[in-house]
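So you know, we letter chains A, B, ... as the sequences are listed, proteins then strands, and number each from 1.
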There are 2 protein chains.
Amino acid sequence: MEMLRDYFREFGEISDANMDFLLGHIVQRKIPKGEVLIRPHQRVNSIYFIETGFLHYYSYNDFGERITLKVVSPNYCWTILDSFVNEIPTPDQCVALSEVRYCELRRTGYSAIKAQNKELSNFIQTITEKLLSAKVIEANRKSSMSIEQRYLDLLQTHPDMVREVPVQIIASFIGTSRETLHRIRRKLAAA
Amino acid sequence: MEMLRDYFREFGEISDANMDFLLGHIVQRKIPKGEVLIRPHQRVNSIYFIETGFLHYYSYNDFGERITLKVVSPNYCWTILDSFVNEIPTPDQCVALSEVRYCELRRTGYSAIKAQNKELSNFIQTITEKLLSAKVIEANRKSSMSIEQRYLDLLQTHPDMVREVPVQIIASFIGTSRETLHRIRRKLAAA
DNA sequence: AAAAAACTGTGTCAATTGACACACTAACAA
DNA sequence: TTGTTAGTGTGTCAATTGACACAGTTTTTT
């Protein structure tokens, strides 16, 4: 749970009592490789924080192609917010690409934390605001980078992911085919 | 200001007094076509709500190409959150593509609203959460659509934008060149 | 009213990409 | 251990794309 505590600390200071209250609503779990965390048409009732391993979050487009929406890596907080907040089913799915250790905060816990006191509700507001900001920056960066740049960026920021996750999935994640990603790799290896 | 009032109502109910308090911190403005709303390396101190007209929000990538990050259309709330929240300069810029009428909420007003009472701070939390959710959905949709699908989607959801905004900018927004967008248009016209 | 600037439409050509095919290797289950 | 499945690397070819060039139109400025 120390990893999650540090993750929270990055967003600001809160009292020890509040931090304990917060962490008190969270449980640690572990799932094996290949296990489905979210199946299609299911409602997502938790927020997840990944400690080790990788999750594959994907959906299918109108042509039936599988689209990787995110490869969730350690030290990252993830959920399908639309499903979580509005309590509606999601068409997407999420599978463990390796054994995954994670922390889970259920909806009831999330509500309790927000309602507990002012410091905690402000803390949640701060986190939500920062996540929104980060998401916008990420989307903008993605827009302005070529496929090759996105791959180089992944190599720098998540070398472990590039090593452990199948090329097909990495390729789909950065928005291209596995063959094109091979060409990029070959080119980079030659240089 | 009625348009903004309706926009807020979509996010939930608040008391008349709180709605008045909220709107009391907002001023209406108008800028002519071509006017720069945000210049590069400036700090963004407001949240904007567009009533009429279009804004062009863009940056430059490593190759010096201008990348359209967003064409902001009416009934939309926009800012550069990273700059607004963290009070840091933004490298991006924003220009009016036509005469634009908008509402402006400055940082001081935003803070005052969040601090006023529980209903308002919860209201802001709800809005932030929904915007985050919407942003994630938008990014995921974009990932799973082809250029042509994105154009068809724009035609459906923002026909006015497609009519009034230069093709170059629309093309850049959906992630292609103006020539390719022409080809798509020609193909669609033929069908 | 004339000149300049911005925007649009289109053709050509080289470069990039995706789709397919196939051989090879690694991981996993019976 | 062996068969099966999943994943990787590479070559070919057709289709798509971006870059460039240029003519025509609209908008803005002087």
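Between the NZ atom of K33(B) and the P atom of dA5(C) there is a distance of 17 Å, given to the nearest Å. Whole-Å rounding puts the I67(A) CD1 to dG18(C) P distance at 11 Å. Taking atom NZ of K187(A) as the reference point, atom P of dT16(C) lies 8 Å away to the nearest angstrom. Rounded to an integer number of Å, the gap from CD of E164(B) to C1' of dT8(C) is 17 Å. We find that CD of E148(A) is positioned 10 Å from P of dT16(C), with the value rounded to whole Å. At whole-Å resolution of the value, CD in Q168(B) and P in dG18(D) are 14 Å apart.
Ring geometry for F49(A) against Y7(A) counts as tilted: the plane angle lies between 30° and 60°, on a 0 to 90° scale.
I184(B) is connected to I169(B) through a chain of hydrophobic side-chain contacts under 4.5 Å among Ile, Leu, Val, Met, Phe, Trp and Tyr, so both are in one cluster.
Look at R150(A) and D153(A) and you find no salt bridge, because none of the NZ, NE, NH1 or NH2 atoms lies under 4.0 Å from a carboxylate O.
The structure places CZ of R185(A) at 13.0 Å from CD of E148(A), a figure rounded to the nearest 0.5 Å.
A cation-pi arrangement is present between R66(B) and Y58(B), with the terminal nitrogen or guanidinium carbon under 6.0 Å from the aromatic centre and inside a 45° cone about the axis.
Listed here is the closest heavy atom pair of Q125(B) and T128(A): NE2-OG1, 3.5 Å.
For the segment residues 174-185 of chain A, the set of residues with a heavy atom within less than 4.0 Å of an atom of DNA chain D comprises R178(A), E179(A), H182(A), R183(A), R185(A), in numerical order. DNA chain D is contacted by no residue of residues 53-63 of chain A, taking any non-hydrogen atom closer than 4.0 Å.
Formation of a donor-acceptor pair under 3.5 Å by the Q93(A) side chain with backbone atoms of V36(A) is not found in this model.
Side-chain N/O atoms of S83(A) and T90(A) include no donor and acceptor closer than 3.5 Å.
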